Enquirer: 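Handing you a structure now.
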Amino acid sequence: MAVYLDNSATTKPCKEATAAILNALEENYGNPSSLHNIGIEAAKSVIQARQRIADLMACEKDEIFFTSGGTEANNLAVFGAVYANRRKGNRIVTTAIEHESIMQSIDKLEEEGFEVIRLMPDAFGNISLKDLADAIDEKTILVSMMYINNEVGSVLPVEKIKKLVLKAGAPALIHTDCVQAFGKTEVKPKKLGADLVTITAHKIHGPKGVGALYIKKGTRILPRTFGGEQEKKIRPGTEASPLIMGFGAAVDALPDLKEQSSKITELNAYAKSKLKEINGIIINSGDNASPYIINLYIPTFMRSQTVLQELSANYGICVSNGSACAKGKKSHVLSAMKLSNEIIDKSIRISFSRYNTAEDIDKLINALKDIINKHPRT
C-alpha cells in the first residue's frame, strides 16, 4: 500500500464525500434550478452544503459562491475586484510566492497597465510586515496574499492587512487564498479582515472540481462568466451539485480542528527529528510554518524530480517537488526565497493529512537513507 505524503497537492476523498457524490449521481440527480420535486431536492442539498461551509467559516451562506475550484475562485477574486474598482486606483499588492493562479492573473493585469507590487519573502518564506505596510498606499485597489504557502508552509500576515489598508486610506479589497488553510486551521473571514477568501474541496478529502469564493456581503466584484442566474450571476452555469454535495460532506466529516492540528504538529515534530538524523538534509520550512508542510533539501546528486520518481517507483512513497500546478517547473517560491540553485533543484515537499501516521514517516526516512546512500551528492 502506498504511503501518501502529497496532501498539499490533493487528498484522498473521505468515505462521507464519496457516498454523498454517489447518492447525488444515482438518486439526488436533479438540476438545482429546476422547479419540480427532483430539482427542488437537489437545490435543498446544495443549500445544505453551502450552509455547512458557511458555518465553518462563521459567515452567512449567501456569502459563499461555488466555483470549479481554487484556481477559478482566485481568478474571479483578482479580476473581479480589480475591474470593479479600477476607477479608484491602479495599484495591486501581492507577494512573489503566491499560487500560479494568482501570479498569472496579476501578470495579466500588469500587462494591462496596473501597477503591481510583489513582496519578497525571507529565506523561510515569511513576508515582512514593514514591507507590506510600505507597499499599501492610497491608490491600492487590491491586496491579495495567501494565508499559508503551498510549498514551504509559511504563514503570512493576512490578519494585519485590514489595519494597514485603513491606515493608508486605501480603497483596496482584501483577498486571501486559503486553499492550504481551510479545514486545517481556523479560517474566519471576519477575523482575517478579508473581503474575498478562496477555498477548495480536494485539499480537505473532498472531490476535485469544486471550490468556493467567500464574498463579504456588500462587496462588489465583476463576474468573469455570463449566461445564467446561478450563484447570483457571479458564477453562472448549472451547479456541479454532486461535487458540491461531496464538498459539504467533507466539511461535515472534518474532525475538531484543534485536535487535528495537535496531532499533525506531533507528526511534524517526529518527522523533523528523524530527518535531522540524516546528514546533509536541510529543512527549508521555517519554525513558524504550518505543521502540514515540510519542504526539505535532499543531499544526493539526483534532482528532486528523479528523487520523487524513485520514491514512488521503488518504495511506494508519494511526495512532490513543489506545486502540482507548476508541473515540474523550477520552484518560484524557493527562488523568491533566494535559496541556492543546488537547494532549489534538490528539494522535495512532504505534506500531511489526518490519515498519516508515524509509520509513514519511518518508511519515508528509511527510503531517503537508502537513496542517499546509493546516490550520494558528489
Side-chain angles (χ1 to χ4, degrees), residues 17 20-21 24 28-35 39-40 42-57 59-86 98-102 104-106 108-109 142 144 146 173-179 182-183 187 189 194-204 206-251 325:
I21 294 166
N28 195 5
Y29 54 81
N31 186 323
S33 297
S34 296
L35 299 180
I40 290 169
K44 287 179 180 178
S45 295
V46 168
I47 291 169
Q48 288 170 358
R50 200 187 307 272
Q51 186 65 62
R52 287 170 178 168
I53 294 166
D55 288 345
L56 188 61
M57 298 177 75
C59 67
E60 297 180 28
K61 70 177 187 297
D62 291 342
E63 296 176 306
I64 301 298
F65 295 79
F66 289 115
T67 68
S68 64
T71 290
E72 185 189 358
N74 278 342
N75 273 257
L76 176 57
V78 169
F79 286 107
V82 169
Y83 289 155
N85 294 285
R86 64 193 315 167
E98 298 297 309
H99 186 266
E100 291 282 354
S101 58
I102 293 292
Q104 292 185 29
S105 296
I106 291 177
K108 176 64 176 174
L109 289 167
L142 174 68
S144 183
M146 60 180 14
L173 291 179
I174 299 168
H175 168 248
T176 181
D177 176 352
C178 286
V179 163
F182 181 73
V187 173
D195 303 294
L196 305 161
V197 174
T198 296
I199 61 173
T200 198
H202 75 105
K203 311 292 189 181
I204 62 161
K208 299 168 187 64
V210 62
L213 180 66
Y214 160 86
I215 305 175
K216 181 181 177 182
K217 187 167 287 188
T219 298
R220 178 176 175 266
I221 68 169
L222 298 184
R224 297 284 290 158
T225 52
F226 304 90
E229 300 292 325
Q230 297 91 346
E231 304 301 300
K232 301 179 186 177
K233 292 188 175 183
I234 290 293
R235 201 279 186 176
T238 302
E239 299 94 336
S241 51
L243 301 180
I244 290 170
M245 293 175 202
F247 193 177
V251 168
C325 292

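Predicted, not measured: the structure shown is a model, and the values here were computed from it.
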Enquirer: Between the main-chain N or O of Gly39 and the side-chain N or O of Asn31, is there a donor-acceptor pair closer than 3.5 Å?
Expert: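 It does not hold such a pair.
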Enquirer: Are any of the side-chain heavy atoms of Val197 and Met57 separated by less than 4.5 Å?
Expert: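 Val197 vs Met57: side chains touch.
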Enquirer: Does the side chain of Ser68 come within less than 4.5 Å of Arg235's, by heavy atoms?
Expert: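 When only atoms from C-beta onward are counted, Ser68 and Arg235 do touch, with a gap below 4.5 Å.
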Enquirer: Should Lys216 and Pro189 count as side-chain neighbours, where that means a heavy-atom distance under 4.5 Å?
Expert: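 Answer no - side chains too far apart.
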Enquirer: Which residues pass the side-chain contact (heavy atoms from CB on, under 4.5 Å) test with Asn75, sequence neighbours left out?
Expert: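 With neighbours one apart ignored, the set is Thr71, Phe79, Ser101, Ser105.
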Enquirer: Measure from the side-chain N and O atoms of Lys232 to the backbone N and O of Asp62, and report whether any donor-acceptor pair falls under 3.5 Å.
Expert: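 Yes, because the side chain of Lys232 sits within donor-acceptor range (under 3.5 Å) of the backbone of Asp62.
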Enquirer: Does some side-chain heavy atom of Ile102 sit less than 4.5 Å from a side-chain heavy atom of Met146?
Expert: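 No, side chains not in contact.
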Enquirer: Can you check whether Val46 reaches Phe66 side chain to side chain, under 4.5 Å on heavy atoms?
Expert: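 A side-chain contact under 4.5 Å exists here.
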Enquirer: Please say which of Glu63, Glu231, Glu60 ends up in a side-chain hydrogen bond (donor to acceptor under 3.5 Å, both in side chains) with Arg50.
Expert: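 Going through the options one by one, the only one that passes is Glu231.
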Enquirer: Would you say that Asn74 contacts Glu98 through its side chain, given a criterion of any heavy-atom pair below 4.5 Å between the two side chains?
Expert: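 With C-beta onward as the side chain, the pair stays apart.
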Enquirer: Any donor-acceptor pair under 3.5 Å linking the side chain of Gln51 with the backbone of Lys61?
Expert: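 Judged by distance alone, no pair lies under 3.5 Å.
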Enquirer: Apply salt bridge (charged side-chain N to carboxylate O under 4.0 Å, His left out) to Lys44 and list each qualifying residue two or more places apart in sequence or on a separate chain.
Expert: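 Expected list: Glu41.
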Enquirer: Is there side-chain contact between Tyr214 and Ile199, with at least one heavy-atom pair below 4.5 Å?
Expert: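 They are not in contact (no side-chain heavy atoms under 4.5 Å apart), so the answer is no.
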Enquirer: Could you tell me if the side chain of Leu173 sits less than 4.5 Å from the side chain of Ile221, heavy atoms only?
Expert: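 Sidechains of Leu173 and Ile221: in contact.
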